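What follows is a set of notes on a single structure, which appears directly below.
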Amino acid sequence: MTNAQQLPSIEERLTRLENLFANVGETVAAHDNTIDVLVANIQQLTENVNAVNQRVDSLAQQAAQDRQQAAIDRQQVAQDRQQAAIDRQQAAIDRQFFQAEIRQIWQYLRDRN
């Protein structure tokens, strides 16, 4: 057999395996660090999502209150319009009454002269 075809010695094979295991160990350690960073990122994202969810809930509640207040305001506006119409009718009645009174006074004064 030639040197090229000779099998590596046990010592060479053990050294090669030690190197492979060392490389695997470094890779695992690097992956562990990456996993730790990813876990921290996920925790931060979870906190951010929770904060956003709380804000959305708060805004939804505020929107519901605003809609309720808007409905109350619309109802008040409708009542105010009804009252304004009643007030206009009463003003027209009062105007007619005062015009009639003024005519009576004018006729009285005219008849007196």
Side-chain angles (χ1 to χ4, degrees):
M1 286 210 237
T2 64
N3 267 351
Q5 295 176 342
Q6 288 180 351
L7 293 176
S9 70
I10 291 179
E11 199 171 302
E12 291 172 338
R13 290 170 66 193
L14 287 175
T15 303
R16 185 172 165 247
L17 286 174
E18 286 174 353
N19 289 336
L20 286 173
F21 286 139
N23 290 340
V24 167
E26 290 172 9
T27 302
V28 168
H31 287 168
D32 283 346
N33 290 338
T34 302
I35 289 170
D36 290 343
V37 169
L38 291 174
V39 167
N41 288 345
I42 289 170
Q43 288 172 339
Q44 184 63 46
L45 288 173
T46 301
E47 291 172 12
N48 291 347
V49 167
N50 288 340
V52 168
N53 284 339
Q54 288 175 351
R55 183 69 178 138
V56 167
D57 291 344
S58 173
L59 290 173
Q61 185 179 15
Q62 183 63 47
Q65 291 172 351
D66 290 348
R67 282 192 299 276
Q68 185 178 13
Q69 186 60 48
I72 291 168
D73 292 347
R74 283 192 300 275
Q75 188 177 21
Q76 184 62 47
V77 166
Q79 289 174 354
D80 291 348
R81 285 181 181 159
Q82 287 177 336
Q83 187 60 46
I86 292 169
D87 291 347
R88 283 192 301 274
Q89 289 174 345
Q90 187 61 46
I93 291 168
D94 290 347
R95 193 170 35 255
Q96 289 174 350
F97 175 77
F98 289 128
Q99 286 174 346
E101 287 286 320
I102 290 170
R103 254 188 249 111
Q104 286 178 358
I105 293 170
W106 183 75
Q107 287 175 354
Y108 171 78
L109 290 174
R110 188 182 65 183
D111 290 346
R112 232 174 130 210
N113 284 334

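Keep in mind the model is a prediction, meaning the values are calculated, not measured.
Residues Val56 and Leu59 do not share a hydrophobic cluster, defined by chaining ILVMFWY side chains whose heavy atoms lie under 4.5 Å apart.
For the atom pair OG1 of Thr15 and CD1 of Ile10, the computed distance is 11.5 Å after rounding to the nearest 0.5 Å. With rounding to the nearest 0.5 angstrom, the CZ atom of Arg88 is 11.0 Å from the CZ atom of Arg95. Note: His31 NE2 to Leu38 CG = 10.5 Å, rounded to the nearest 0.5 Å. Atom CD of Gln90 sits about 5.0 Å away from atom CD1 of Ile93, to the nearest 0.5 Å. Here the CG atom belonging to Leu7 is positioned 10.5 Å from the CD atom belonging to Glu12, to the nearest 0.5 angstrom.
Of the possible polar contacts, none joining the Ser58 side chain to the Gln54 backbone as a donor-acceptor pair under 3.5 Å is found.
Side-chain contact between Val37 and Asn33: absent, with no pair of heavy atoms (C-beta onward) separated by less than 4.5 Å. Residues Asn23 and Glu26 have side chains in contact (heavy-atom distance under 4.5 Å, counting atoms from C-beta outward). The closest side-chain heavy-atom distance from Gln62 to Gln65 is below 4.5 Å. The shortest side-chain heavy-atom distance between Tyr108 and Gln104 does not fall under the 4.5 Å cut-off.
Within a 6.0 Å sphere centred on CZ of Arg110, heavy atoms belonging to other residues, nucleotides or ligands number more than 12. Enclosure of atom CD in Gln68 is not indicated, since only 12 or fewer non-hydrogen atoms of other residues, nucleotides or ligands lie within 6.0 angstrom. Shown here is Gln99, whose CD atom has more than 12 heavy atoms of other residues, nucleotides or ligands within 6.0 Å.
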